[in-house]
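All of these numbers come straight from a predicted model, not from anything done at the bench. This chain uses plain numbering: 1 for the first residue, then up along the sequence.
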Amino acid sequence: MRLVVFGANGPTGRQTTEQAVAAGHEVTAVTRHPDSFPLSHPRLCVEEADVLDAAAVERVVKGQDAVISTLGVPYGRAPVTVYSAGVTHISRAMTRHRVDRLVCVTSTILFDVPAPGEGLFFSKVLEPFFSRVVGRTVYDDMRRMEDVVRTSGLAWTVIRPSGLFDAAAVSDYEIAPARLPGRYTSRADLAHALLSTATGDGHVHDFLDVRTTQGTPTMLDLIKKEAFSK
């Protein structure tokens, strides 16, 4: 298939691009900084484009079979619009150029229910602190993005991972249209789920949880590396 990956220069985007090329697809990796993109391959085209530039988005979406969005921004106090504005441009370009399949990433927090079997401290204190204080602006815009996707008229799927961490390979992860037990999703597993969903026929109009069950970090490791490293 011909796939375009937005947010391709982020950790998940790079994983997704690499796995897609390895699987034999023709991939367009979209980034604002193509000079720093570390991957190259005869089936890989690296395109400079800003997702907030509607004309640039149209240029890279035209002629594709499916679109994968791995857009992401760090936590901060400033209002966030990248998710909702970016996906608005993506969905409009897809409609205009008759590209129907869209798969994108938000967060397991947007299920708005605790993980099955989770303890009270994590579900009632720690996770609400991250969703309502530390990451409030990010999650608010993710919700706006999901609203855009839901009403786009496209064959969309939203994947909602949990605490992201790096892993060397894809594992035997779990995926379901409801919140799963556990706290972690490796970027390798998330990339595999994005690619499998974008190139398959299932899970249209579903919100999917992806959960890694092997080789996961501790909560302290995740907080130090993912939340406060920037």
Side-chain angles (χ1 to χ4, degrees), residues 1-10 12-21 23-34 37 39 43-73 80-107 110 138-161 175 177 190-208 210:
M1 292 178 65
R2 292 165 297 179
L3 306 174
V4 58
V5 180
F6 286 92
N9 216 2
T12 300
R14 292 179 184 181
Q15 285 267 4
T16 305
T17 301
E18 186 172 22
Q19 290 186 28
V21 169
H25 303 290
E26 296 181 14
V27 184
T28 299
V30 181
T31 172
R32 292 180 299 162
H33 306 289
F37 194 72
L39 306 176
R43 289 194 303 275
L44 174 62
C45 175
V46 182
E47 289 280 356
E48 180 178 0
D50 189 330
V51 75
L52 300 180
D53 182 341
V57 171
E58 281 212 34
R59 172 171 52 82
V60 295
V61 164
K62 184 178 180 180
Q64 305 291 344
D65 295 317
V67 175
I68 299 173
S69 171
T70 62
L71 296 173
V73 296
V80 175
T81 60
V82 171
Y83 297 99
S84 56
V87 167
T88 295
H89 292 156
I90 290 169
S91 61
R92 288 175 179 172
M94 292 177 66
T95 299
R96 187 168 290 114
H97 295 291
R98 299 183 180 180
V99 181
D100 195 44
R101 192 67 171 115
L102 171 65
V103 181
C104 53
V105 178
T106 58
S107 169
L110 272 63
V138 168
Y139 297 122
D140 283 351
D141 199 43
M142 282 184 174
R143 293 185 190 279
R144 291 190 290 268
M145 184 185 85
E146 287 195 352
D147 288 340
V148 172
V149 170
R150 189 184 292 111
T151 60
S152 66
L154 301 170
W156 56 265
T157 305
V158 175
I159 296 186
R160 294 168 164 174
I175 185 167
L190 173 57
H192 188 271
L194 287 164
L195 182 59
S196 298
T197 305
T199 57
D201 298 325
H203 297 299
V204 174
H205 298 166
D206 272 344
F207 297 93
L208 300 177
V210 177

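Of the inter-residue distances, the one linking His25 atom NE2 with Leu195 atom CG reads 5.0 Å to the nearest 0.5 angstrom. Glu146 contributes atom CD, which lies 4.5 Å from atom CG of Leu110 (distance to the nearest 0.5 angstrom). Note: Leu102 CG to Leu154 CG = 6.0 Å, rounded to the nearest 0.5 Å. Atoms CG and CZ, from Asp100 and Arg98 in turn, are 11.5 Å apart once rounded to the nearest 0.5 Å.
Between Thr17 and Phe37 there is a side-chain heavy-atom pair separated by less than 4.5 Å. Residues Asp206 and Thr197 fail the side-chain proximity criterion, which asks for heavy atoms closer than 4.5 Å. Contact annotation: the side chain of Val80 never approaches that of Asp140 to less than 4.5 Å [non-hydrogen atoms, C-beta and beyond].
Under a 3.5 Å cut-off, the side chain of Tyr83 and the backbone N or O of Arg143 do not form any donor-acceptor pair. Proximity of a side-chain donor or acceptor of Ser84 to a complementary backbone N or O of Asp141 within less than 3.5 Å is not detected. Judged purely by atom type and a 3.5 angstrom limit, Arg32 has no side-chain atom pairing as donor or acceptor with the backbone of Asp50. When atom types are taken as modelled, the side chain of Arg2 and the backbone of Gly63 share a donor-acceptor pair closer than 3.5 angstrom. In this structure, the side chain of Ser91 engages the main chain of Thr88 through a donor-acceptor pair within 3.5 Å. In this structure, Arg160 contributes its side chain and Leu208 its backbone to no donor-acceptor pair below 3.5 Å.
For the side chain to side chain contact (heavy atoms under 4.5 Å, CB included) with Phe6, the qualifying choice from Val87, Ile68, Val67 is Val67, the only one to do so. A side chain to side chain donor-acceptor pair (under 3.5 Å) with His97 is found for exactly one of Lys62, Arg92, Gln64, Glu58, namely Glu58.
Considering all non-hydrogen atoms of both residues, Gly7 and Leu71 come closest at N-CD2, 4.0 Å. The minimum heavy-atom distance between Ala93 and Val57, with the atom names listed, is CB-CG1, 4.0 Å. Of all heavy-atom pairs between Val149 and Cys104, the closest is CG2-SG, 3.9 Å. When all heavy atoms of Leu44 and Val21 are compared, the closest pair comes out as CB-CG2, 4.2 Å. When every heavy atom of His205 is checked against every heavy atom of Ala155, the shortest pair comes out as NE2-CA, 4.2 Å. Closest of all the heavy-atom pairs between Leu190 and Pro161 is CD2-CG, 3.9 Å.
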**side chain to side chain contact (heavy atoms under 4.5 Å, CB included) evaluation trace for Thr199 with Leu3** = CA-CA 9 Å; Thr199 57; Leu3 306 174; 4.1 Å; yes
**Request:** Test Val51 against Val30 for side chain to side chain contact (heavy atoms under 4.5 Å, CB included), laying out the working first.
**Result:** CA-CA 9 Å; Val51 75; Val30 181; over 6 Å; no
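A salt bridge links Arg150 to Asp147: one of the charged nitrogens lies within less than 4.0 Å of a carboxylate oxygen.
A side-chain donor from one of Arg101 and Thr157 sits under 3.5 Å from a side-chain acceptor of the other.
No more than 12 heavy-atom neighbours from other residues, nucleotides or ligands sit within 6.0 angstrom of CD on Glu18.
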